[in-house]
Amino acid sequence: MIVEFAKDEFEKGKPLADAALEGARLRLRPILMTSFAFILGCVPLWVATGAGSVARQIMGTTVIGGMLAASIIGIFFVPGVFYLVEKLSGAGKEHATGALPATPSPAPGD
């Protein structure tokens, strides 16, 4: 979703870096809300006691750690990769100059 929002902003005329940051800014709240809800739902596993609690604690630790890592990657890494890929693909140059890719004109008589 971050990439979709960033691409939309880029196509509207924003510079590539600003579009990537705007996409991340627009998706920050939904990402954090979803991540925190899932993490808080796994806290009972993380603090489990009683029979079989070690297995539950390990699973809770793994799931919470994975969700934290995925959230950080989603918030910080994805916009950076979007910027890098768009920059390397040359889309930033076309947008900055306002030039469209050249299309061959049909030959006379076609």
Would you say [X] and [Y] are hydrophobically clustered, going by side-chain heavy atoms of ILVMFWY under 4.5 Å?
X	Y	answer
Phe76	Met67	no
Ile39	Met59	yes
Val78	Leu26	no
Val63	Val47	yes
Phe38	Ile31	no

Gap separating the [atom1] atom of [X] from the [atom2] atom of [Y], nearest 0.5 angstrom:
X	Y	atom1	atom2	result
Leu21	Leu28	CG	CG	11.5 Å
Trp46	Thr62	CH2	OG1	12.0 Å
Leu16	Lys7	CG	NZ	9.0 Å

Where [X] and [Y] come nearest, the two heavy atoms and their spacing:
X	Y	answer
Phe5	Gly23	CB-CA, 3.9 Å
Pro79	Ile2	CG-CG2, 4.0 Å
Ala48	Arg56	CB-CB, 3.8 Å
Leu45	Gly60	CB-CA, 3.8 Å
Ala6	Phe82	CB-CE2, 3.5 Å
Phe10	Ala19	N-CB, 3.6 Å

Between Val3 and Val81, is any pair of side-chain heavy atoms under 4.5 Å apart?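 Contact flag for Val3/Val81 side chains = no.
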
Would you say that Asp8 contacts Glu4 through its side chain, given a criterion of any heavy-atom pair below 4.5 Å between the two side chains?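 In short, these two side chains do not touch, never coming nearer than 4.5 Å.
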
With sequence neighbours excluded, give me every side-chain hydrogen bond (donor to acceptor under 3.5 Å, both in side chains) pair touching residues 26-35.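 Sorted pair list: Ser35-Ser71.
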
